[in-house]
Amino acid sequence: MVSSQNQHLFKRYLAQTSDFQPFIIDVRHADGVYITDKSGKTYMDFTSGMCVNNLGNRHPKVMEAVHRQLEQYSYTMVYGEFIQQPQLDFAERLCALLPSSLQMLFYVNSGSEAIEGAIKLARLNNHRPGIVSFKKSYHGSTLGAMSIVGKADFQAPLSPLLPQTTLLDYNCVEQLTTITDHTCCVVAEVIQSGAGMVVADVAFLKALRQRCNEVGALLIFDEIQTGFGRTGKLFAFEHYDVVPDILCIAKSMGGGFPVGAFVASPDRMDKLNNGHPLLGHATTMGGHPVACAAGLETLNIISAPQFLCSVQQKEQWIRHYFKHPQIKTIRGKGLFLSVELQDANTIENVVIRCVDHGLLLLWLLFNHDTIALTPPLIITEEEIAEAAKRFCAALDEI
Ligand SMILES: Cc1ncc(COP(=O)(O)O)c(C=O)c1O
């Protein structure tokens, strides 16, 4: 329930980006897997705030880290000028968990900025014009990121965007010859979320890596949704024997606080320092100390092997409990799943009915047959069973 006054203020002051409003919740409180609105109704959040709250809302250890940091300082200076301990501690821990070719990072505030930084870094490394990405991919809403989003009707109203971009079919090895020595970089999700959790084939990802090596194009992985344990590994690329040249991360990285990064080798990162009196790349808020403190605590919890194993177990529980004649298939890995229904026309209705049943879900950007199942990674078996019960009750009503 939303008061008419707040509904009015919401529409009066916050720019609306779509007419499409499946649900507006007037949030009073959130804890773990649950969000409570101002009427006292509680919802299970099976979106994790679009893969931000991997540890749920207000994880006690993350909150402690935030409070500890706030006792010391909140913000002191733009990126790269002062030594701020949370930035160092977080970067050191993260790099210790990454392959030897991904050992230096640049902090940003969001996923789109990570993508922008990664493309810029690729350009500074090989000065080539072309950028390749994949149909039905989503990489953010800034102009550079929009230039490589895999859906032409998203781009049309914004043109002209970046030139010399090419969209290929995902998982299509034959089309990889389109990547040539004019290609600066290839940007790919390891699991395409907007497409409905379409998992990259091993052969495709390996061929992509090989083709980039052959022609000298840089391979950029967008792990903005798939990162930080979401798929049952710290990063989804760990399911494959393939390492990108540049890794983009954000969303759950800050445990509910805004921080992202692009990560590469020190050699490649060195090109950001182009000797120009103006900085090669800059950010005022990127690497905010409070977000870094929250991020380090989040990383420490998620990276524990038994925690990552539990995500794989929870995938099995979802596959076990989410059963209904209307469910055609469940795609994805770990807790990065989507459910495809027999009747695509019912998706919107199902999502809205689930809200009535106290279950928050989202459908996907480019695939209107499917609903995302991306609960917080801390969810229990009982909560999964309860969510499945609510989901099936909504399906029964259709
Ligand atoms: C795969 C992917 N890349 C990039 C982005 C952009 O991230 P942000 O909204 O933080 O700019 C998103 C956001 O949903 C995303 O899902």
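FYI, the numbering just counts along the sequence from 1. In each ligand, atom 1 is the first atom listed, and ligand 1 is the first ligand listed.
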Scan the side chains in residues 284-299 for donor-acceptor partners under 3.5 Å anywhere in the protein, sequence neighbours excluded, and list what turns up.
unit_1	atom_1	unit_2	atom_2	d
H288	ND1	V290	N	3.1
T298	OG1	A294	O	2.7

Query - Output field: ring centroids F235/Y240 closer than 6.0 Å - result: no
**Report entry** Y43 ring center near Y34 ring center (under 6.0 Å)
**Finding:** no
Query raised in the report: If you count only heavy atoms, which residues are under 4.0 Å from ligand 1?
Result: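 Ligand 1 is contacted, at a heavy-atom distance under 4.0 Å, by S110, G111, S112, Y138, H139, G140, E189, D222, I224, Q225, K251.
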Using residues 252-265 as the side-chain source, report each donor-acceptor pair under 3.5 Å to any protein atom, sequence neighbours left out, with the distance given to one decimal.
unit_1	atom_1	unit_2	atom_2	d
S252	OG	N54	ND2	3.2
S265	OG	R268	N	3.2

Query raised in the report: What heavy-atom pair brings L167 and I148 nearest, and what distance separates the two atoms?
Result: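 Shortest heavy-atom separation between L167 and I148 comes out as CD2-O, 3.9 Å.
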Requested in this report: Not counting sequence neighbours, list each pair that qualifies as a side-chain hydrogen bond (donor to acceptor under 3.5 Å, both in side chains) and has a residue in residues 196-212.
Outcome: R209-N213, R209-D245, Q210-E214, R211-E214
